[in-house]
Amino acid sequence: MERFEESFVKKAEVRRRLGMALLMVAGLVWVVLAFKLVKPFEVEGKYGSTQCDSVLFPDRDAPYEKEADTYEEGQPDVCVAERRWTELLAWLAGSVPPAVAGAVLWTSGSTALGLRAYMAEHRVAVAAAAAAKKD
């Protein structure tokens, strides 16, 4: 019985660690994406560097801006080419499977360890009740 429990605990801990690692990978992707969406950036081109606004918070008072409804309409072409929505969304979509798998693995491992602790408490309580009944 002891060997089975050790194996059970080791597998649950491995699942929980792997789940946490996958969640950290997904979280890192989300942090990088948030940074790319919020931070203004600079693009180096063959004619020099171009300052670009944040994708989410463009500066509507920029001198190069015409009446623009979207980020793409109000920015120079090199800025739009540098930060494409499709690329950012692809990274976001790619981070969903590790996030889901990580959440499932972490929850599974944590639940298994919690269940083992509960069963250990239950066995102790049953043994104590049996000992008290004998006396």
Side-chain angles (χ1 to χ4, degrees):
M1 184 72 167
E2 185 74 25
R3 191 196 248 157
F4 171 75
E5 272 194 50
E6 285 179 20
S7 172
F8 181 79
V9 168
K10 282 182 185 177
K11 287 178 183 176
E13 286 175 348
V14 165
R15 277 196 314 263
R16 197 166 70 168
R17 276 191 228 116
L18 180 60
M20 184 55 69
L22 287 171
L23 284 170
M24 289 174 78
V25 166
L28 180 67
V29 170
W30 296 340
V31 167
V32 169
L33 284 175
F35 183 76
K36 284 187 167 204
L37 287 172
V38 173
K39 180 119 173 57
F41 58 100
E42 187 174 322
V43 178
E44 292 292 329
K46 63 180 178 179
Y47 300 115
S49 65
T50 304
Q51 292 287 3
C52 302
D53 291 339
S54 156
V55 176
L56 286 182
F57 307 112
D59 181 15
R60 294 293 183 198
D61 297 330
Y64 49 79
E65 180 167 336
K66 50 191 177 251
E67 284 299 315
D69 293 328
T70 65
Y71 177 78
E72 288 83 9
E73 292 175 359
Q75 294 292 308
D77 291 339
V78 292
C79 296
V80 174
E82 182 70 18
R83 299 267 165 98
R84 291 191 171 103
W85 278 102
T86 52
E87 251 179 61
L88 299 175
L89 286 175
W91 276 99
L92 181 63
S95 72
V96 170
V100 170
V104 167
L105 287 170
W106 188 83
T107 303
S108 163
S110 295
T111 302
L113 291 174
L115 184 60
R116 182 199 173 264
Y118 172 77
M119 292 305 294
E121 286 178 20
H122 180 69
R123 279 191 298 249
V124 169
V126 167
K133 215 179 216 185
K134 266 188 180 178
D135 294 336

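- Between Glu13 and the choices Arg16, Lys11, Arg17, the salt bridge (charged side-chain N to carboxylate O under 4.0 Å, His left out) rule is met once, by Arg17.
- Salt bridge status for Arg123 with Glu5: present, with a side-chain N to carboxylate O gap under 4.0 Å.
- Under a hydrophobic clustering in which Ile, Leu, Val, Met, Phe, Trp and Tyr are joined whenever their side-chain heavy atoms come within less than 4.5 Å, directly or via other members, Val29 and Met24 fall into different clusters.
- Note on residues 94-105: no pairs pass salt bridge (charged side-chain N to carboxylate O under 4.0 Å, His left out), not counting sequence neighbours.
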key: Working for side-chain contact (heavy atoms from CB on, under 4.5 Å), residues Thr50 and Glu42   = CA-CA 6 Å; Thr50 304; Glu42 187 174 322; over 6 Å; no
Steps toward side-chain contact (heavy atoms from CB on, under 4.5 Å) verdict (Leu37, Trp85): CA-CA 9 Å; Leu37 287 172; Trp85 278 102; 4.0 Å; yes
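- Stacking of Arg83 on the aromatic ring of Phe41 is recorded, both the 6.0 Å distance cut-off and the 45° axial limit being met.
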For residues 87-109, please give each side-chain donor-acceptor pair under 3.5 Å, one per line with the distance, not counting sequence neighbours.
| from | atom 1 | to | atom 2 | distance (Å) |
| --- | --- | --- | --- | --- |
| Ser95 | OG | Trp30 | NE1 | 2.7 |
| Ser95 | OG | Leu92 | O | 2.7 |
| Thr107 | OG1 | Ala103 | O | 2.7 |
| Ser108 | OG | Arg15 | NE | 2.9 |

